[in-house]
Amino acid sequence: MSGALRINPDEVRERIQRLRRWREGWAERLEAARRTSRMLAEAVRAVPGQRWEMEAGRHAVGLAKAGERAEGLAQVLESALARLEAAFQEAAALLREPIPRPIVTTTPLAVDAHQRPLANQFSIDFPTPSGPVPWSTACGPVALSMVLSRIQGRLIPAQEVANKLVEVTGKTPRLNPKGHVNILTTHQDLLRTARAYEGVQAERLTMHFKAGRDPSEQAWEHLREATSRPGGVIALVTAKRSTSELTRKAESWVFNGLLAEEVIGDPAQRREGDGGLLTGTRHAGENGIAHWVVVDHVEEVGNQRYVVINNPFHNRSERYPWEYFWRSLNHQAVGPDSWWFLRFYPSASSERPGVRRQGSE
């Protein structure tokens with residue numbers, strides 16, 4: 001289609017006014033013609049006068065129809081212009097709204113033994129001699145399974161990693177009142193478990209902030225470099241402990257100032273609710289918990305910065321503004337002078353961990 005549709009609303013309004021002026025002008029002429037025909041008919045009572053009156057009547061009917069058509073066209077143009085203006089107003093409103101950007105990650109989400117997407121972290125069991133027990137705090141092994149899958153180039157079931165972690169660390173179950181295991185995994189647990197897999201290296205990287213520079217800015221640069229290298233990053237954040245019923249099964253909702261559409265790209269995943277979302281606070285509080293997440297990558301869009309994570313809670317990818325993510329780092333991992341996260345990488349890599357280490361263990 002080579003042509004372009006160009007509409008000038010002012011020109012359309014001028015055409016409407018001209019049509020109405022034309023109709024008014026012809027209406028005046030019609031009335032004048034009628035007065036003249038009546039005068040002639042009265043003055044000339046003979047047949048010629050009657051014929052003239054009949055002819056004038058026919059012209060009057062034609063003029064009246066033309067006037068009606070002119071008014072009808074003017075009304076159609078007005079209606080079309082109103083709809084056009086409404087459409088442009090609607091389009092302008094849509095343009096003012098943020099355009100959702102798809103969330104694409106390199107790190108795969110967690111899978112079950114059949115390599116199907118894991119429903120959530122609560123699908124994991126804690127292995128015991130008497131049989132498996134539901135593990136309600138399995139965010140650590142689930143996050144680690146994602147990173148190991150990325151490094152080894154194959155999908156490693158989250159339950160397999162959970163079993164390996166219990167085997168390597170020798171953890172014993174501790175049941176809550178619901179009969180679920182609620183043992184938390186430490187960074188040492190994750191590092192030891194990762195090293196048990198062939199071809200995988202792991203360490204805790206500690207960044208010490210330099211005086212005179214914004215710690216948030218330094219942390220952003222550190223994380224950006226780390227996520228650009230082969231391997232994966234796991235960070236300790238503060239997350240919402242449970243899902244609000246108002247957000248469950250809803251595609252649009254707000255949590256702590258965050259729009260669901262901006263944080264979670266997939267509508268089906270938004271219906272899982274706000275459980276596990278980062279809280280924007282260092283400390284857990286009443287409805288928060290220390291939580292392991294995979295940091296897949298960071299984004300810069302214009303002057304805005306974002307962090308994209310794989311969140312084990314509902315096993316989904318989420319995008320957060322950098323400053324919100326920064327405020328959500330758990331107090332156990334960040335302080336006034338430093339911040340640490342876990343780095344996993346292939347042992348065959350020529351660049352050890354791929355980050356200028358300021359401290360590791």
Side-chain angles (χ1 to χ4, degrees), residues 103-113 115 117-118 120-121 123-124 135 137-169 184-206 222-237 239 276 278 290-298 307-320 325 329-330 333 339-349 351-355 357 360-361:
I103 300 176
V104 180
T105 59
T106 303
T107 308
L109 293 170
V111 298
D112 62 16
Q115 298 196 343
L118 200 70
N120 49 55
Q121 69 179 48
S123 304
I124 299 301
W135 191 353
T137 53
C139 57
V142 173
L144 182 57
S145 74
M146 302 178 191
V147 170
L148 292 175
S149 295
R150 177 175 178 175
I151 293 174
Q152 297 209 336
R154 64 183 180 90
L155 293 177
I156 301 177
Q159 186 63 59
E160 174 190 313
V161 177
N163 295 344
K164 176 74 74 175
L165 186 147
V166 174
E167 174 189 339
V168 169
T169 63
L184 300 176
T185 48
T186 66
H187 76 273
Q188 293 96 335
D189 296 334
L190 297 179
L191 296 177
R192 289 178 61 190
T193 304
R195 292 169 185 152
Y197 281 83
E198 184 178 357
V200 178
Q201 292 294 326
E203 62 187 340
R204 188 178 92 164
L205 296 179
T206 302
H222 191 57
L223 185 60
R224 180 178 58 188
E225 185 176 4
T227 55
S228 69
R229 305 286 181 165
V233 170
I234 293 180
L236 187 65
V237 299
L278 278 55
H291 187 60
W292 294 108
V293 299
V294 177
V295 181
D296 185 79
H297 67 279
V298 300
V307 178
V308 176
I309 68 170
N310 280 2
N311 191 334
F313 193 97
H314 280 305
N315 193 32
R316 65 190 178 194
S317 298
E318 299 167 355
R319 177 191 286 116
Y320 294 89
F325 179 85
L329 293 175
N330 191 266
W339 170 44
W340 61 261
F341 56 76
L342 306 183
R343 171 74 178 162
F344 305 84
Y345 56 95
S347 58
S349 173
E351 301 177 300
R352 282 278 293 155
V355 174
R357 296 191 301 281
S360 63
E361 62 181 56

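All heavy atoms count here, side chains included; hydrogens, waters and symmetry mates do not.
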Item to complete: Scan residues 147-163 for pairs that pass salt bridge (Lys or Arg N to Asp or Glu O under 4.0 Å), counting only residues two or more places apart or in two chains.
Response: R150-D296

Worksheet item: Are any of the side-chain heavy atoms of P312 and H291 separated by less than 4.5 Å?
Response: yes

Response to the item:
So CD1 of I103 and CD of E318: to nearest 0.5 Å the spacing works out to 7.5 Å

Worksheet item: Between the side chain of Q152 and the main-chain N/O of E198, is any donor-acceptor distance below 3.5 Å?
Response: yes

Item to complete: Output all residues satisfying ring-ring contact (aromatic ring centres under 6.0 Å, His included) with Y320, sequence neighbours left out; order by chain, then residue number.
Response: Y324

Item to complete: Decide yes or no for L223 and F325: does some side-chain heavy atom of the first lie under 4.5 Å from some side-chain heavy atom of the second?
Response: yes

Practice prompt. List in chain and number order the residues that pass side chain to side chain donor-acceptor pair (under 3.5 Å) with T106, two or more places apart in sequence or in another chain; answer none if no residue qualifies.
Written response: none

Response to the item:
When rounded to the nearest 0.5 Å, the distance separating OG of S145 from CG of L155 is 9.5 Å

Worksheet item: What is the minimum heavy-atom distance between V161 and P141, and which atoms define it?
Response: CG1-O, 3.6 Å

Worksheet item: Who passes salt bridge (charged side-chain N to carboxylate O under 4.0 Å, His left out) against R224, sequence neighbours left out?
Response: E300

Worksheet entry | N315, T105, V147 screened by side-chain contact (heavy atoms from CB on, under 4.5 Å) with N310, the one that passes | T105

Item to complete: Please name the residue in the list I156, L144, I151 that meets the side-chain contact (heavy atoms from CB on, under 4.5 Å) test with Y197.
Response: I156

Worksheet item: Is any side-chain heavy atom of T193 less than 4.5 Å from a side-chain heavy atom of L190?
Response: no

Worksheet item: Mind checking whether H222 and W339 have parallel, tilted or perpendicular rings, split at 30° and 60°?
Response: perpendicular

Worksheet item: Considering all heavy atoms of both residues, which atom of A226 and which atom of V233 are nearest to each other, and what is their separation?
Response: CB-CG2, 4.1 Å

Worksheet item: Should F313 and N120 be marked as a side chain to side chain contact (heavy atoms under 4.5 Å, CB included) after you check the CA-CA gap, both sets of side-chain angles, and the distance that decides it?
Response: CA-CA 6 Å; F313 193 97; N120 49 55; 5.9 Å; no

Worksheet item: To the nearest 0.5 Å, what is the distance between CD (Q121) and CH2 (W135)?
Response: 10.5 Å

Fill in: Gap separating the CG atom of N330 from the CG atom of L278, nearest 0.5 angstrom
10.0 Å

Response to the item:
Nearest heavy-atom approach of A158 to A110 is CB-CB, 4.2 Å

Worksheet item: Are any non-hydrogen side-chain atoms of V111 and L118 less than 4.5 angstrom apart?
Response: no

Discussion item. Checking W292 now: which residues fulfil ring-ring contact (aromatic ring centres under 6.0 Å, His included) with it, not counting sequence neighbours?
Written reply: none

Response to the item:
Looking only at heavy atoms, the pair that brings Q201 and S347 closest together is CG-CB, 3.5 Å

Practice prompt. Rounded to the nearest 0.5 Å, what's the gap from CG on L165 to CD1 on I124? Could you check?
Written response: 11.5 Å

Worksheet entry | Atom pair CD1/OG1 of I309 and T107 - distance to nearest 0.5 Å | 11.5 Å

Worksheet, complete the sentence: Between F344 and A202 the two heavy atoms that sit nearest each other are CD2-CB, 3.4 Å

Worksheet, complete the sentence: Residues passing the side chain to side chain donor-acceptor pair (under 3.5 Å) test with S149, sequence neighbours excluded, are none

Worksheet item: Do you know the tightest heavy-atom contact between R229 and R343?
Response: CB-NH2, 2.9 Å

Fill in: Short side-chain to backbone donor-acceptor contact, N311 and G276, under 3.5 Å
yes

